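Only a predicted model underlies this, so the values are computations on that prediction, with no experimental measurement involved.
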Amino acid sequence: MRTAEAVDEVRVEDGRRVLVVAGRLALPVPAGVTDAQALVLARAGTTAWHLLRTCAHLRPDESIVVHDAASEIGAIAVQLARSFAAGRVIATESTPAGRDRAAELGADVAVDSDPDGLAARVIGANEGVQVDVVLDPGGALTASLDALAPFGRIVCHGADQDGSVALTGLLGGSRAVIGFRFEHVLARPDMVARAVSELFGLTSAGRLRPVAGD
């Protein structure tokens with residue numbers, strides 16, 4: 001099930017706008033959130049929220065790397081990390097425009113996502129220190145592991161990963177690699193509702209800007 005197929009529409013029921021998710025869960029949309037924003041939050045926003053909260057357990061002052069930071073999920077993850085009091089938010093993107101967008105959304109620094117030398121650039125962007133959390137949609141697992149601090153967590157949320165992970169590498173660094181699939185969230189309406197409720201609140205308050213994109 002693709003995430004775009006799982007989110008149906010925003011419609012009016014009993015005079016209220018509601019977001020219908022997976023054909024069965026209806027969540028009220030506040031006045032400060034547009035229909036387009038509600039749909040982006042339901043898909044990309046819920047994913048980003050659970051990557052940070054449920055999977056990575058991001059704590060205040062921890063450093064985080066968001067790969068593909070100009071994508072819908074990445075852009076929201078950058079903003080949420082800042083809202084959740086991350087210590088340093090590092091974005092990676094392949095183009096100058098993408099890096100500029102990530103910086104505009106709140107990344108402390110944005111670096112080129114070219115695999116050659118990526119781990120060194122990430123560590124350099126974190127002032128020479130390995131990072132605590134990495135969100136990886138695919139293609140950067142090896143570099144992410146090389147840049148990860150002891151007790152750090154990588155959350156893989158895409159299908160195109162660049163290789164397997166040796167258990168000895170995880171044990172040797174006291175590190176974790178965590179997988180995420182949006183379908184598993186959809187199977188638990190409470191997980192959708194919890195994320196969307198906070199996302200709607202942040203958007204209504206002007207602290208989150210969901211933008212449709214890639």
Side-chain angles (χ1 to χ4, degrees), residues 2-4 43-45 47-52 54-58 62-82 84 86-182 211-214:
R2 292 164 48 196
T3 60
R43 298 188 300 264
T47 294
W49 192 94
H50 280 290
L51 293 177
L52 293 170
T54 305
C55 298
H57 299 287
L58 180 69
E62 286 192 314
S63 56
I64 179 170
V65 177
V66 180
H67 291 305
D68 199 14
S71 67
E72 281 188 0
I73 293 171
I76 293 176
V78 165
Q79 296 176 77
L80 288 179
R82 177 61 60 218
F84 296 164
R88 192 161 181 83
V89 181
I90 301 163
T92 78
E93 261 296 339
S94 61
T95 67
R99 294 191 288 274
D100 287 346
R101 184 188 184 199
E104 179 189 351
L105 292 171
D108 292 294
V109 62
V111 302
D112 193 332
S113 60
D114 188 323
D116 187 18
L118 178 57
R121 287 194 298 278
V122 165
I123 292 172
N126 199 37
E127 301 179 332
V129 180
Q130 291 176 308
V131 299
D132 298 305
V133 172
V134 180
L135 305 186
D136 181 16
L141 182 56
T142 299
S144 297
L145 279 168
D146 289 342
L148 196 65
F151 301 103
R153 291 87 69 201
I154 298 173
V155 185
C156 298
H157 58 102
D160 299 325
Q161 297 301 326
D162 64 345
S164 59
V165 178
L167 182 59
T168 53
L170 300 182
L171 293 173
S174 297
R175 300 175 297 186
V177 176
I178 304 154
F180 175 86
R181 293 290 296 272
F182 187 70
V211 180
D214 297 333

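- Between the CZ atom of Arg181 and the NE2 atom of His50 there is a distance of 15.5 Å, given to the nearest 0.5 Å.
- In terms of heavy atoms, Ala69 sits closest to Ala91 at CB-CB, 3.4 Å.
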Derivation of the side chain to side chain contact (heavy atoms under 4.5 Å, CB included) call for Leu135 and Leu52: CA-CA 8 Å; Leu135 305 186; Leu52 293 170; 3.9 Å; yes
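- Annotation: salt bridge (charged side-chain N to carboxylate O under 4.0 Å, His left out) contacts involving residues 116-125, sequence neighbours excluded, are absent.
- Annotation for Ala75 and Leu105: closest pair CB-CD1, 3.4 Å, computed over non-hydrogen atoms.
- Between His67 atom NE2 and Ile73 atom CD1 the span is 14.0 Å, to the nearest 0.5 Å.
- Taking every heavy atom of both residues into account, Val133 and Ala56 meet most closely at CG1-CB, 3.7 Å.
- Remark: side-chain polar atoms of Asp136 are paired, donor with acceptor, to backbone N or O of Gly138 under 3.5 angstrom.
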CA sep, side-chain torsions, deciding dist, call: Cys156, Val177, side chain to side chain contact (heavy atoms under 4.5 Å, CB included): CA-CA 7 Å; Cys156 298; Val177 176; 3.8 Å; yes
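- A side chain to side chain contact (heavy atoms under 4.5 Å, CB included) with Val134 holds for exactly one of Val66, Val122, Leu148, Ile64; it is Leu148.
- Across every non-hydrogen atom of Ala119 and Ala143, the tightest pair is CB-O, 3.5 Å.
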Verdict with reasoning, Arg101 to Glu93, per side chain to side chain contact (heavy atoms under 4.5 Å, CB included): CA-CA 9 Å; Arg101 184 188 184 199; Glu93 261 296 339; over 6 Å; no
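- Side chain of Ser174 to backbone of Phe151: no donor-acceptor contact under 3.5 angstrom is found.
- Taking CG of Leu118 as the start and OG1 of Thr92 as the end, the distance is 6.0 Å to the nearest 0.5 Å.
- Nearest heavy atoms, Ala48 versus Ala77: CB-N, 3.9 Å.
- Using a distance-only test at 3.5 Å, with no hydrogens or angles considered, no donor-acceptor pair links the side chain of Asp108 to the main chain of Ile90.
- Remark: the backbone N or O of Asp132 is paired with a side-chain donor or acceptor of Ser63 at under 3.5 angstrom.
- Residue pairs meeting the salt bridge (charged side-chain N to carboxylate O under 4.0 Å, His left out) criterion with at least one member in residues 141-158, sequence neighbours excluded: Glu62-Arg153.
- Going from atom CD of Glu104 over to atom CZ of Arg99 covers 15.5 Å, rounded to the nearest 0.5 Å.
- For the atom pair OG1 of Thr47 and CZ of Phe182, the computed distance is 5.0 Å after rounding to the nearest 0.5 Å.
- Taking Ala103 as the reference, nothing meets the side chain to side chain contact (heavy atoms under 4.5 Å, CB included) condition, with sequence neighbours excluded.
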Derivation and outcome, side chain to side chain contact (heavy atoms under 4.5 Å, CB included), residues His57 and Ile178: CA-CA 11 Å; His57 299 287; Ile178 304 154; over 6 Å; no
